[in-house]
Amino acid sequence: FIASNNKDRVGALLFSDRVEKWIPPQRGRMHVSTMLEDIVTLKPEGRGTNIAEALRFLVGLKQGSAIVFMLSDFIDELSNMRSLLRVARLKYDCIALRVTDPCEQGLPPSIGLLDIEDIETGKLHTINTRDLSFFEKERAQQKRIFEQQKIDVLNVTVGQQYLPVLIRFFHHRTRRGCHRTRGSRS
């Protein structure tokens, strides 16, 4: 709604393992309300996550400069999206909003081996709760890739207030002078 109050155009690209819905940017509160309703009520046809496919769609658009918020846990095959992130970064001001879940870090080590089901794919995985370094390694790899592509990352934790985190993030970006436009290499 902030963008709507600023009379900015707002759109959304919703994806799973495929592009589920593209909502082209428009101005106005009615558009934002309709877009939010679409986001909440979308029943995805796909299962899983394919960020590369969403990025491919995004860089193929004939949109002008824009700030692109990529909201995901980014648990995907990151090597597939490295070059696409570079292209997207040159075309747009990209910000990664990485959703984290405290459950990923809060498993008691006394459980040992634990079978979990990936809710996106239905596949079963066995994790060792005595060694949760997988999550740390995944986040470290994500951090390296985003730093290489000069994409800001903001962690948003499930179940916690996100507005103060967003406000601090944008104040920090403003102080850094980080309002990149398309094609800039700051």
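Nothing fancy with the numbering, it's 1 onward along the sequence.
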I'd like to know whether Ile95 forms a side chain to side chain contact (heavy atoms under 4.5 Å, CB included) with Val68, so could you lay out the CA-CA distance, the side-chain angles of the two residues, the decisive distance to 0.1 Å, and finally the verdict.
CA-CA 6 Å; Ile95 299 170; Val68 173; over 6 Å; no
Can Glu147 and Arg144 be counted as an ion pair, charged N to O under 4.0 angstrom?
no
Please tell me if the side chains of Lys143 and Val153 come closer than 4.5 Å, counting only heavy atoms from C-beta onward.
no
So Ser72 and Val99, do their side chains get closer than 4.5 Å, heavy atoms only?
no
Is Phe170 atom CZ crowded by more than 12 heavy atoms from other residues, nucleotides or ligands, each under 6.0 Å away?
yes
Within this structure, what is the CD-CD distance for the pair Gln141 and Glu138, rounded to the nearest 0.5 Å?
6.0 Å
Using the side chain to side chain contact (heavy atoms under 4.5 Å, CB included) rule, take Val158 and Thr100 through it: C-alpha gap first, then chi angles, then the decisive distance, then the call.
CA-CA 6 Å; Val158 172; Thr100 61; over 6 Å; no
Regarding Thr126 and Asp115, is there a side-chain donor-to-acceptor distance under 3.5 Å anywhere?
yes
For Ala88 against Leu55, the heavy-atom pair lying closest together:
CB-CD2, 4.1 Å
So does Arg173 pair up with Asp152, basic N to acidic O under 4.0 Å?
yes
Where the side chain of Tyr92 meets the backbone of Phe69, is there a donor-acceptor pair that is under 3.5 Å apart?
no
Does a side-chain heavy-atom distance below 4.5 Å link Trp22 with Leu14?
no
Side-chain touch Leu85/Met70, heavy atoms, less than 4.5 angstrom:
yes
Can you find a side-chain donor-acceptor pair between Arg82 and Gln148 that sits under 3.5 Å?
yes
Hey, would you say the Phe146 and Phe74 ring centroids sit under 6.0 Å apart?
yes
Any side-chain heavy-atom pair from Thr49 and Asp17 closer than 4.5 angstrom?
no
Output the distance between atom CD (Glu20) and atom CD1 (Ile39), rounded to the nearest 0.5 Å.
13.0 Å
Check whether any side-chain heavy atom of Leu154 lies under 4.5 Å from a side-chain heavy atom of Val165, and answer yes or no.
yes
Heavy-atom side-chain contact between Leu97 and Leu166 under 4.5 Å:
yes
Over 12 non-hydrogen atoms of neighbours within 6.0 angstrom of CD in Glu37:
no
For the NZ atom of Lys150 and the SG atom of Cys94, what is their distance to the nearest 0.5 Å?
14.0 Å
Is there a side chain to side chain contact (heavy atoms under 4.5 Å, CB included) between Asn50 and Phe15? Walk through the geometry before answering.
CA-CA 8 Å; Asn50 188 338; Phe15 68 95; 5.8 Å; no
Any chance you could measure Leu114, atom CG, to Ile116, atom CD1, to the nearest 0.5 Å?
6.5 Å
In terms of side-chain geometry, is the basic nitrogen of Arg98 or Asp73 positioned less than 4.0 Å from the acidic oxygen of its partner?
no
Got Arg9 and Gln26 here, is their nearest side-chain heavy-atom distance under 4.5 Å?
no
Working for side chain to side chain contact (heavy atoms under 4.5 Å, CB included), residues His31 and Arg27:
CA-CA 7 Å; His31 171 69; Arg27 290 182 179 87; over 6 Å; no
